[in-house]
Amino acid sequence: MTTEKFPHLTMQPGGLGQLDELLLHLDASKLFFVVDAPAYKFSGAEASLEKILGSREVTWFSDFELNPKIEDAQKGISAFRKAKPDVVVAIGGGSALDMAKLIAGCGVQDGEPIDYIKKTRTLERNGPPVIAIPTTSGTGSEATRFAVVYVDGKKYSLAHDNLLPDYVIIDPALTESLPAGATANCGLDALCQSIESIWSVGATDESVGYAIEAVSLAERNLEDAVSRPNPEVRAAMAKAAHLSGMAINITKTTAPHAFSYAVTTRYKVPHGAAVALTFPVFLEFNFGLDATNCVDPRGPEAVKERIQKVLDLIGDGSLEKTMLRLNTIIQNVGCPVRLNQVGIQEADFPSLIGAMDVERLSNNPRRISAQELSAMLDKIL
Ligand SMILES: [Zn+2]
């Protein structure tokens with residue numbers, strides 16, 4: 001075991017090789033692996049880790065769905081409590097990372113996960129160190145203190161500083177086998193959540209700095225990552241995704257995310273595509289805010305100034321050009337830009353609007369009425 005501090009973040013191709021050294025540093029012999037089983041195999045992680053795991057005691061947990069349910073977390077927590085691991089290692093996309101954060105965070109508490117998810121109790125004890133190793137470039141979950149979990153079909157986000165992974169290894173080589181569809185969805189999530197964090201009521205100079213860099217990287221590299229991937233664009237998208245996570249860890253997401261969850265659960269639209277679907281119209285709506293509907297205490301001009309940075313970056317300063325560019329990116333990566341492409345009809349609007357995540361909505365800089373939202377949806381029907 002070394003006495004030097006191990007870096008919180010390792011970001012480089014081949015970075016997965018650092019895991020051995022990190023486990024030695026942590027003096028960890030009992031490991032609890034939370035893995036997305038197909039991702040673990042196809043990303044190449046399995047082959048790379050075979051040697052270093054050989055001499056260690058490993059408990060595996062991969063019995064969870066893509067959008068994990070509370071029942072999945074409970075199964076994981078039972079296995080975790082039995083294993084009493086020194087370290088939790090998460091390998092996969094956002095679902096695997098969120099699952100590991102929930103297991104390590106809730107597994108060491110006295111209450112049941114539902115108590116913490118529904119906020120009747122708060123996390124008191126610190127769990128074992130969590131090492132997050134994403135195999136997609138998208139959610140940025142490795143950089144956040146949030147974990148999404150579904151209870152009776154409803155989406156909850158548990159938030160606590162204890163959930164922030166202690167160590168992060170970003171190895172863009174792990175994303176090289178990611179299919180085009182998954183690359184597109186994850187990349188759109190990174191792009192959209194970065195822009196959302198810029199207009200979020202919770203935006204700070206620090207979060208805007210991370211987000212602007214993420215938007216710039218994603219805008220320049222996402223289409224290539226989907227249609228002509230190479231190690232450079234994969235590395236750029238991995239960085240964009242991580243920065244987007246750092247940004248939303250400060251600001252949380254806003255209206256497009258709030259609207260997206262019901263689209264994902266009801267119409268089976270993947271998360272990134274569901275967020276991107278309404279994104280250009282939300283951009284237009286938020287940029288049009290004024291003193292009568294501005295939620296940000298800094299006022300409408302401050303919000304517009306922040307959004308203007310995005311327009312300058314990807315649309316030569318123009319709202320129309322930015323909307324057009326976003327639409328082009330979404331289409332070029334094979335994702336829908338109209339509601340009818342995913343089966344949403346006008347008659348579905350009231351129920352979709354009613355299902356919006358109110359907490360995410362409160363981070364949006366402009367107040368939105370059901371009528372206004374309905375009019376926005378009409379534009380992209
Ligand atoms: Zn997202």
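Sequential numbering from 1 along the given sequence is applied to the chain's residues. Each ligand, and each atom within it, is numbered from 1 in the order the structure gives.
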Aromatic ring pairing Trp60/Phe33, orientation class (parallel under 30°, perpendicular over 60°, tilted between):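 Rings of Trp60 and Phe33: tilted, 30 to 60°.
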
N/O/S atom name from His257 that is nearest to the position of the Zn ion (ligand 1): NE2

Nearest to the Zn ion (ligand 1) - the N/O/S atom of Asp189, by atom name: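 Restricting Asp189 to its N, O and S atoms, the minimum distance to the Zn ion (ligand 1) goes to OD1.
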
Single hit among Lys252, Lys155, Arg360, His271 for side-chain hydrogen bond (donor to acceptor under 3.5 Å, both in side chains) with His257: His271

Residue list, ring-ring contact (aromatic ring centres under 6.0 Å, His included) with Tyr116, at least two apart or on another chain: none

Non-neighbouring partners of Tyr210 that pass ring-ring contact (aromatic ring centres under 6.0 Å, His included), sequence neighbours left out: none

Metal proximity, His271 vs the Zn ion (ligand 1), N/O/S cut-off 2.8 Å: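 Checking the Zn ion (ligand 1) against His271, an N, O or S atom does fall under 2.8 Å.
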
